[in-house]
J.: 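One structure coming up, written as structure tokens, with questions to follow.
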Amino acid sequence: MFGRGRKIAPYLFISPFFLGYAIFFLYPVIQSLQLSFYRQVGLTNPPRFIGFDNYVRLVTKDALFIKALTNTTYYALGSILIIVPLALLLALILHSPKLRFREFFRFLYFTPNITAGVVVGIIFGLVFEEQYGLINNLLLAPLGLENVRWLREARWIMPAVILLGAWKWTGINAIYFMVGLQNIPPELKEAARVDGATRWQVFWHVTLPLLRPILAFVLTIAIIGSYNLFAEPAILVGMEGGPNNAGMTMTMYLYARGFRELKMGYASAIGYSLAVIILVLSVVQLFLIRAFRED
Amino acid sequence: MRKLKVALLFLVALLLLSAVAPVAAQELELWAFVNTHARWFREQAERYAEEINPDFSLNVIEIAYGDLHDRLLISIQSGGVGAPDIADVEQGRFGSFLRGGGDPGFVELNALLDEGGHTENLVAARQALYTSMGSVYGIEHALTPVVLYYRADVWEGAGFDPQEFVTWDDFVDAGRAIVDQNPDVIPLHIHNGLHELLLRQQGHDYFNADGEVTIDSEESIALMDWLLALKDEGVAGDPPEGDALWAAFKDGTLISMVGADWYGGFFKDNAPELSGKWKAAPLPAFEEGGRRTSVWGGTGATVVKTSENVEEALSFLEFSMLSIEGNVRRFELTTLWPPYIPAMDNARLHAADEYFSGQDLGALFADVGPEAPPQWQSPFRSQLNSLLAAVRQDIKDGNRSPADAFAEIADTIRDEMEFES
Amino acid sequence: MRLALSRPSDADERKSLYLKLFEATVVYAILFFFALLVGIPFLYMITGSFKTNGQLFSWPINLLAPEPTLNNYERLLSGEEIPYLRQMINSVVIAVSQSALTLLFASMVGWGFAKYEFRGKTFLTIFLLFTFAIPFQVTLVPLFQMIVRLGLLDNYLGVILPSSVSAFGAFFMRQAMVSIPSELLDAGRIDGASEWGLFWRIGIPLSRGALSILCVLVFLTAWNDYLWPLIVLRTPEKFTYPVGLATLKGLYKIEYGMILGGAFIATLPIVLIFVAGRNQILDNLTIGAVKQ
């Protein structure tokens with residue numbers, strides 16, 4: 001099919017991919033940058049060049065953009081603080097060689113991760129329902145606590161989304177940590193034990209430092225995942241993010257401006273701002289991990 | 001590897017097949033977001049097929065409120081991809097179709113309305129909601145007069161007759177007495193539209209006649225403060241919306257509803273077991289001799305420009321929405337009070353309504369209808385509504401003062417107006 | 001908990017036995033507690049799909065369905081509110097085509113990078129790595145405009161094509177194919193095989209493992225995706241199942257039983273795939289993800 005020319009064969013092999021990549025990724029990336037300097041409302045109206053106005057407006061005037069940014073950061077921090085320790089705990093337990101039913105637990109904890117975001121959003125609508133929901137009736141009521149208005153009070157919405165996130169992502173992160181634990185040579189721990197270290201000391205001085213690459217990976221995935229968060233809150237509290245837009249994430253905000261109001265230029269500027277934020281966070285994180293290493 | 005090839009081929013075939021799946025021939029599509037409207041449209045389509053065009057068939061699709069308007073906007077903008085022929089557009093969202101250019105993508109109805117002699121037959125204040133620069137794009141379904149629906153058994157049982165309330169003070173006094181006896185009851189439900197419609201009852205609105213935003217007016221803030229004070233007292237409350245709201249009606253927590261004509265149909269649909277327990281009265285006035293009604297909501301039927309069946313669609317709308325029979329039948333099915341003047345004195349609008357304790361609801365709507373206040377359209381209304389939706393709960397919970405929240409919304413809208421001008 | 005380090009006496013041994021029993025209890029208690037936390041929402045989804053709205057919204061909450069009804073499934077499958085079956089088929093068509101295309105493109109480009117030297121290779125690799133860091137949200141608006149202009153709005157191809165060029169897939173396949181011994185290819189060339197023949201008869205079969213992992217990853221992403229299908233697909237007959245189910249959530253009267261039933265049916269095939277090949281897939285998935 002490709003003849004026998006070894007010279008052109010590689011180009012033929014890579015061209016379908018790069019053709020698609022140019023059309024469906026590179027061109028939009030460039031086009032988006034250009035569009036972000038224009039005002040265009042609607043698909044057919046002519047765009048008008050406005051320089052940096054969209055960006056200036058985003059940062060100085062658009063309270064909702066700042067709110068979406070704050071919400072998303074809140075989600076990222078909150079979910080990381082819950083997910084990382086829990087996932088680490090589960091991984092340590094599941095890693096223990098004598099454990100029975102390990103495969104069963106591992107599989108069960110992983111299941112939320114393969115469930116569609118829309119489905120998760122629907123299920124958790126019933127979990128957080130104010131009067132007839134699972135959390136209020138099965139967890140809070142037996143403890144004698146009052147019903148929490150999870151989805152109606154602005155301050156409870158993000159905690160609800162964070163709990164949803166923890167439910168969905170803890171299992172897979174535990175499995176990541178297990179992979180990391182498997183890569184730690186058992187001799188290292190034994191040597192430490194022989195030297196008289198307590199279990200806690202072994203964990204703190206041997207296991208944890210060696211898990212750093214996995215930790216970096218988990219954090220990166222969590223940051224990117226947070227800024228991609230869309231389906232779950234959109235279904236749980238609606239496209240506007242519910243009361244006080246407390247559940248509005250960055251991607252939801254981009255969707256609202258771009259695909260509900262058709263503000264094409266403005267949405268492009270939101271997209272680029274998002275890209276910058278993710279890049280900056282990734283770089284900051286890389287530096288932090290390097291700093292730890294020199295430590 | 002051959003298996004793989006066969007599977008791939010099969011896939012491609014399947015893909016192509018489904019991509020060019022045939023569209024049902026000669027069927028008009030209509031989008032509605034309320035089931036009462038959908039039901040009426042379906043019935044009208046059958047009648048139209050019987051009486052006018054036997055080949056006519058109408059596919060009425062029910063889509064969630066937000067989805068309908070979002071999808072319609074993109075369909076229209078993209079040259080009609082997936083667009084219906086006819087669409088119900090809620091007046092609060094109509095403005096969003098006007099933004100960014102001017103042509104909303106609906107068929108201009110001036111010719112139909114003028115030549116058919118319908119313009120004088122429609123209530124001008126309602127039609128104004130779907131008019132931009134002299135072009136009319138929609139026909140209103142309902143006059144939307146607001147009345148006080150109340151649980152007759154509860155109020156009368158406590159010794160009060162809401163028909164005799166003259167002012168809101170009368171209502172509040174009676175509400176207090178009822179709450180004293182039974183603290184679980186909520187006499188006034190602060191629903192999402194209450195502030196807006198009461199503001200209109202006072203002759204104000206979120207936008208004024210010149211299109212300026214006025215949600216932060218003194219009157220608007222004072223009204224919200226008054227509602228919050230009632231909530232503190234226990235006379236007003238805000239149970240959760242959705243299924244839980246209907247549960248609150250059914251278990252007797254909510255004993256009244258300040259709602260428009262269309263809310264009557266909602267009751268019948270969602271709480272059939274309360275039949276015979278409800279009645280309706282004119283709204284109490286803010287001062288003696290004041291206006292006894294307001295307007296709330298409203299939806300216009302539009303014809304989408306990209307439709308291939310514009311003539312047929314217009315003819316169907318004329319048959320259903322601009323006829324006495326269509327308007328009367330709509331009231332019978334949905335309690336929407338016709339905005340079509342020739343239908344207003346029809347005897348069938350005055351049948352005893354079993355659900356409302358045998359009351360003649362039509363007489364009530366006819367009585368308060370002429371007092372209905374004006375309502376001003378703005379391209380920025382749908383944005384104002386979503387800003388308001390975001391802070392509503394915080395205001396009700398006392399976390400934000402109405403003055404502060406309304407000022408912020410108004411400033412955002414003013415800024416947006418400036419940005420787009 | 002300081003473990004006995006010096007020579008254990010009998011008492012110490014007994015003590016550590018108790019300690020172990022205690023530890024095991026704690027461990028299993030924690031594991032079961034988390035299993036409940038994970039499992040109960042699923043259980044509630046399944047039993048809820050056999051309940052009426054009235055049963056769901058009533059006290060006391062019941063995790064089981066004592067009076068099960070099939071009404072929800074009947075209405076769902078009869079297409080009363082949404083063409084559910086059609087939407088499931090759409091999801092299958094889109095997810096399968098997207099997986100097939102992604103696999104084809106990714107394995108071809110991976111093969112080109114792994115087994116050939118050519119001008120511009122280093123540049124393209126670095127370039128790809130660099131653009132890898134740009135989030136997809138940047139492309140949404142122009143991509144949408146492009147889809148509109150190409151007339152691919154409300155068309156499966158509009159969903160499938162942009163998603164089937166995966167830079168991750170390209171790297172993933174390159175890594176997998178680079179270890180295929182070049183001697184095999186040279187032997188094939190001597191036997192007169194074409195370059196395409198080498199790819200198809202040696203490259204593909206020898207990287208079946210990687211291909212199956214990539215296939216599962218891509219399929220899963222496509223099957224569960226919401227944002228892009230929501231933007232591209234405009235009519236209920238074209239919707240994928242997540243978009244379709246989401247429309248039910250916004251309707252004035254939320255038919256929870258129906259939605260839960262639809263969610264259950266859509267989750268079932270995925271869970272079954274995973275139960276069937278759980279260990280292998282899970283291990284490989286993790287590796288794939290860690291590499292990602």
Side-chain angles (χ1 to χ4, degrees), chain A residues 1-4 6 9-11 13-14 16-17 20-21 24-25 28-29 31-32 35 43 90 93 103 105-112 114-119 122-123 126-127 132 134 137-138 175-176 179 196 198-199 217 230-231 235 251 254 258-259 264 267-268 271-272 274-275 278-279, chain C residues 1-3 5 27 30-31 34-35 38-41 44-45 48 56-57 61 105 108-109 111-113 116 118 133-135 137-143 145-146 148 161-162 164-165 170 194-196 220 224 226-227 231 242 245-246 249 256 259 263 266-267 270-271 274 278-279 282 286 290:
Chain A
M1 187 173 174
F2 282 359
R4 295 182 188 191
R6 276 181 81 176
Y11 296 106
F13 277 121
I14 66 167
F17 172 84
Y21 198 65
F24 296 118
F25 191 77
V29 164
Q31 176 74 16
S32 186
L35 202 55
L43 287 166
L90 284 179
I93 292 176
E103 298 315 323
F105 286 119
R106 202 170 66 142
F107 175 72
L108 186 67
Y109 295 158
F110 178 68
T111 326
I114 51 170
T115 309
V118 168
V119 171
I122 286 167
I123 299 178
L126 286 175
V127 170
Y132 306 97
L134 290 186
N137 282 290
L138 297 186
I175 293 171
Y176 293 150
V179 174
T198 63
R199 255 198 232 192
F217 169 77
F230 177 77
I235 299 296
T251 304
L254 193 156
F259 300 97
M264 293 309 186
S268 295
Y272 259 92
L274 232 169
I278 293 181
L279 286 180
Chain C
M1 281 187 293
R2 176 173 273 277
L3 283 180
L5 287 169
V27 159
I30 293 177
L31 287 178
F34 278 103
V38 169
I40 283 181
Y44 204 50
M45 165 179 82
L56 270 171
F57 289 88
I61 298 291
F105 290 154
M108 280 175 74
V109 71
W111 183 250
F113 273 114
Y116 293 92
F118 54 92
I134 302 174
Q137 285 94 335
V138 167
T139 62
L140 283 179
V141 169
L143 211 47
Q145 293 180 318
M146 184 196 296
V148 172
L161 288 180
S164 45
V165 280
S194 67
E195 298 300 317
W196 175 260
L220 217 55
N224 289 342
Y226 178 54
L227 181 55
I231 290 171
L245 284 181
K249 182 81 202 282
Y256 256 109
I259 306 182
T267 313
I270 291 196
V271 173
F274 273 80
R278 58 186 171 273
N279 289 337
L282 212 57
T286 332
V290 171

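Every chain is numbered from 1, with letters handed out A, B, ... down the list of sequences.
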J.: If you count heavy-atom pairs within less than 4.5 Å of chain A, which of C:Ile270, C:Thr139, C:Val141 leads?
T.: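 Greatest number of close heavy-atom pairs with chain A: C:Val141.
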J.: Using 0.5 Å steps for rounding, measure from the CZ atom of A:Phe110 to the CD atom of A:Glu103.
T.: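 So the gap between those two atoms works out to 13.0 Å.
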J.: I need the C:Tyr226 OH to C:Leu245 CG distance, nearest 0.5 Å.
T.: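 Reported to 0.5 Å precision, the distance equals 10.0 Å.
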J.: For chain C, which candidate among A:Leu35, A:Leu108, A:Thr115, A:Leu43 shows the most heavy-atom pairs at distances under 4.5 Å?
T.: A:Thr115
J.: Where on A:Ile235 is there a heavy atom nearer than 4.5 Å to chain C: the side chain, the backbone, both, or neither?
T.: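 Both backbone and side chain of A:Ile235 come within 4.5 Å of chain C.
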J.: Checking C:Ile134 against chain A: side chain, backbone, both or neither under 4.5 Å from a heavy atom?
T.: both
J.: Parallel, tilted or perpendicular: which fits the ring planes of C:Trp111 and C:Tyr116, with parallel below 30° and perpendicular above 60°?
T.: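 It falls in the perpendicular class, over 60°.
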J.: Measure A:Ile93 against the heavy atoms of chain C and call it side chain, backbone, both or neither at under 4.5 Å.
T.: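 For A:Ile93, the contact with chain C is made by the side chain alone.
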J.: Rounded to the nearest 0.5 Å, how far apart are CG of C:Leu140 and OG1 of A:Thr251?
T.: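 Those atoms lie 8.0 Å apart.
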J.: Side chain, backbone, both or neither: which part of C:Tyr44 has a heavy atom under 4.5 Å from chain A?
T.: side chain
J.: Mind listing the closest non-hydrogen atom pair of A:Tyr21 and C:Val165 along with its distance?
T.: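 Scanning both residues, the minimum pair turns out to be N-CG1, 3.8 Å.
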J.: Check whether C:Asn224 reaches the backbone of A:Gly117 with its side chain - one donor and one acceptor, N or O, closer than 3.5 Å.
T.: no
J.: Which one of C:Gly48, C:Ala266, C:Pro162, C:Gly112 has the most heavy-atom pairs closer than 4.5 Å to chain A?
T.: C:Pro162
J.: Do you know which of A:Leu138, A:Leu126, A:Leu90 has the most heavy-atom pairs with chain C at a distance under 4.5 angstrom?
T.: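 Counting heavy-atom pairs under 4.5 Å, the top option is A:Leu126.
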J.: Looking at chain C, which one of A:Ala275, A:Ala267, A:Gly258 has the largest number of heavy-atom pairs inside 4.5 Å, strictly under?
T.: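 Counting heavy-atom pairs under 4.5 Å, the top option is A:Ala275.
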J.: Under a 4.5 Å heavy-atom cut-off, does chain A meet the side chain of C:Val148, its backbone, both or neither?
T.: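 Side chain of C:Val148 only, per the 4.5 Å heavy-atom cut-off to chain A.
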J.: Just give me the residue among A:Phe25, A:Phe230, A:Phe24 that pairs up with chain C most often, heavy atom to heavy atom, under 4.5 Å.
T.: A:Phe24
J.: Any idea which heavy atoms bring C:Phe105 and C:Ser164 closest together, and the distance?
T.: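 In terms of heavy atoms, the two residues are closest at CD1-O, 3.4 Å.
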J.: Donor-acceptor pair, A:Tyr109 side chain versus C:Leu31 backbone, under 3.5 Å?
T.: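 Side chain of A:Tyr109 to backbone of C:Leu31: a pair is present.
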J.: Could you tell me which of C:Val271, C:Thr267, C:Ile61 has the largest number of non-hydrogen atom pairs under 4.5 Å with chain A?
T.: C:Ile61
